[in-house]
Amino acid sequence: MEESPQYFASERGDRFLDPIEPFRKEVESSITRALEEIHFVSSWNLEIPPAEIADFALPCFQFAKEMKKSPAVIATELLSKLPTMSLVSRTWTDGGYINFKIDNEKLAYITLETILKEKENYGRAERKGVEVLLEHTSVNPTGPIHVGRARNPLIGDTLARCMRLAGYDVVTEYYVNDVGKQVILLTWGVENIPPESVPKSERNKADHRLVGFYQKANEMMENDPKITDEIAEMLRRFESGDETIINKVRRTAQAILDGINQSLIDINVRIDRFVWESQFILDGSAKEVVERLKKTQYCHEEAGAYYLDLEEFGIKGRDTKFFFTRSDGTTLYTTRDLAYHLDKFKRADHVINVLGEDQKLGMTHLEAALKILGVKQAPENVFYSFVSLPEGRMSTRKGRVVTLDDLIEEAEERALEEVKKRRIDLPEEKMKAIARLIGRGAIRYNIIRIQAEKPIVFKWKEALNFEGNSAPFVQYAHARACSILRKAGEYEKIVDPYLLQDDYEKKLIRILARFPGVIKEAGEKRRIHIVPAYAHELASAFNQFYTYVPVLKGGDKTNARLTLVESSMWTLRNCLEVMGLGAPEEM
RNA sequence: GGGCGUGUGGCCUAGCAUGGAUAUGGCAGCAGCCUCCUAAGCUGCAAGUCAGGGGUUCAAAUCCCCUCACGCCCGCCA
């Protein structure tokens, strides 16, 4: 190296968490100085050009109008004003662009040094000291969680992981809906329907065992108005604080919730805290919300039921009336959710909800009500579209579902078949453990790779894809890296960019350098789907390197290459971890 | 009827917030690559009216308007 290692460790103590950062900073400050020199003040945008054109580019079209010169002329002039840069190896113009090529060797040096130093923390930003309360999943405890709703825990859990890595303190919560008709109907069903009239479930798990009672009870209620009355009476007693009813309902809900939570654990989703909706009835906070809302100018009454008129809040058409009590004085779902949100704001700096798209209007109502209550904060909502079946929407009530448990089981079986095909040498237990990581990984990956607001039609073939843009593709690259390192044993780590001059090596290093930036964007802008896209790009570059560049038989370059393999391994592993996938060391 | 969202090769998808250089990948298809670190891999080929139409702009997949298709919501349900 021409430069001493100390050179690179100057700016931020001795730590560069993001290897690209010093390069971008130098380019930006050079452009600022060049513009100052010609006394031109304007905001501008630095781009990352497509493909391999350059590393950064400044389009000068944006200045043309004000400067009254052609973009090409501006680019040439500005280029001549750029100060000498130490981290940029080449600058040139192309039409209306100024292109910047950063110094490959310096980038490689900083990148590999950073990764080897940070290891499992490569990609982790400094703590921001911001407490985030992230509510996700919160599915009704009336039956097993199905694939239609499974996007929620996967998006929520992945977002939590991304945000933690990006420096936030995140607590995840599941809001348990134990109040209201659905759970009460379920409880009624469990008490009043003889077990032999409900079809036996295939799985011995409470959520699967009890859902039949819920479906049957729905059916019975449709044909018998007396049951509807009975449910309403139970609901009234529940809301007035009748402990026998509340305990009964909670017991049933808890049994199902345990089943749901087991499914979540199976796909590596951990909820930090469960918050029961009935809590806000028992502690009086829902009633308090009612009293406060009643005193506002937006409150009106209709046959004993109270509502807010939200016309002023940009809500149009028939949706302006937001009822917050029934005519018998009991509270409604959104009223209790309002109490929950007031509670959330007390406990966190920032509140995020992951919700199905069907909740949009409800959240608009809730946000308007919060404003009326004088609350300054508002929740940030991440909405997702439902996963449907080719034959239509999934429905627990109608029993038209693919449950998450079915999907997990199927995925692990398929994965086990694949493992058995290629690794007959492994003991059965080891094969199963690998299949588990691959199976559940494939499920998570295939859901989180797609933007939340896009609809997904569930197809088994796609859900169980183990090739190309899939979890096993990334896991496989990681396993290959581990395999090389295992065979190498102890080796001398050498960070020397001049020994890594192959195009495949340079390409791989440039991708490795981008990881912290990807995490930052995923966490701060809640764009988690860019993580699997990046992971695939990285794995693909590693596979190319693996195919064309010999490591163990690399002669005097072996140690430098092993260093690159180890850096790739850490980055792949951190990618897998932040997606909640698990990184098998062999497969 | 109103509100919100989605529409990119046969199928799935990135890019849209912040308009810029040949629209990103994958699956399926076709043609190749395992005496050499795991072929869940690699290479090449073929495949696109960026739903349609107007507009703004030097420049539109990206911004604005209209239309069409699909999804979600519009309950004193949750």
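In the text below, chain A, chain B and the rest are named by the order of the sequence lines, each starting its count at 1. A quick note: this is a predicted structure, and the numbers were derived from the prediction, not measured.
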- Item | salt_bridge(Glu301(A), Lys294(A)) N-O dist < 4.0 Å |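 No, this pair does not count.
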
- Message: Check Arg423(A) with Asp425(A), please: is the shortest side-chain N to carboxylate O separation under 4.0 Å?
- Response: yes

Considering just the side-chain nitrogens and oxygens of [X], establish if one lies under 4.0 Å of OP1 or OP2 belonging to [N].
{"X": "Arg480(A)", "N": "A39(B)", "result": "yes"}
{"X": "Lys454(A)", "N": "A14(B)", "result": "yes"}
{"X": "Gln451(A)", "N": "U6(B)", "result": "no"}
{"X": "His365(A)", "N": "C74(B)", "result": "no"}
{"X": "Gln544(A)", "N": "U43(B)", "result": "yes"}
{"X": "Ser483(A)", "N": "U38(B)", "result": "yes"}

No-H, no-angle donor-acceptor pair, [X] side chain to [N] base, under 3.5 Å:
{"X": "Lys421(A)", "N": "U38(B)", "result": "no"}
{"X": "Asn469(A)", "N": "A14(B)", "result": "no"}
{"X": "Arg393(A)", "N": "G71(B)", "result": "no"}

- Query: Regarding Arg480(A) and the six-membered ring of Tyr546(A), is the cationic atom NZ or CZ under 6.0 Å from the ring centre and inside 45° of its axis?
  - Reply: yes

- Quickly work out the Glu537(A) CD to G15(B) P distance and round it to whole Å.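 For the pair Glu537(A) CD and G15(B) P, the rounded distance is 13 Å.
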
Which atoms of nucleotides 76-78 of chain B (N or O only) lie under 3.5 Å from a protein N or O atom, and what are those distances?
| from | atom 1 | to | atom 2 | distance (Å) |
| --- | --- | --- | --- | --- |
| C76(B) | O2 | Ser327(A) | N | 2.6 |
| C76(B) | O2 | Ser327(A) | OG | 3.0 |
| C76(B) | N3 | Ser327(A) | OG | 3.2 |
| C76(B) | N4 | Glu302(A) | O | 3.1 |
| C77(B) | OP2 | Arg326(A) | NE | 2.7 |
| C77(B) | OP2 | Arg326(A) | NH2 | 3.4 |
| C77(B) | O3' | Arg326(A) | NH2 | 3.4 |
| A78(B) | OP1 | Arg326(A) | NH2 | 2.4 |
| A78(B) | OP2 | Tyr333(A) | N | 3.2 |
| A78(B) | O3' | Asn177(A) | OD1 | 3.0 |
| A78(B) | O3' | Asn177(A) | ND2 | 2.1 |
| A78(B) | O3' | Val179(A) | O | 2.9 |
| A78(B) | O2' | Asn140(A) | OD1 | 3.4 |
| A78(B) | O2' | Asn140(A) | ND2 | 3.2 |
| A78(B) | O2' | Asn177(A) | OD1 | 3.2 |

- Item | Rounded distance [0.5 Å steps], NZ in Lys321(A) versus OH in Tyr307(A) | 4.0 Å

- Query: Taking the six-membered ring for Trp, are the ring centroids of His136(A) and Tyr174(A) within less than 6.0 Å of each other?
  - Reply: no

- Item | Spacing of the C1' atoms in U13(B) and G25(B) (rounded, Å) | 7 Å

- Please examine the side chains of Asn353(A) and Val382(A), heavy atoms only from C-beta on, and report whether any two atoms are closer than 4.5 Å. no

- Query: Is the base of C34(B) syn or anti, where syn means the angle lies within 90° of 0?
  - Reply: syn

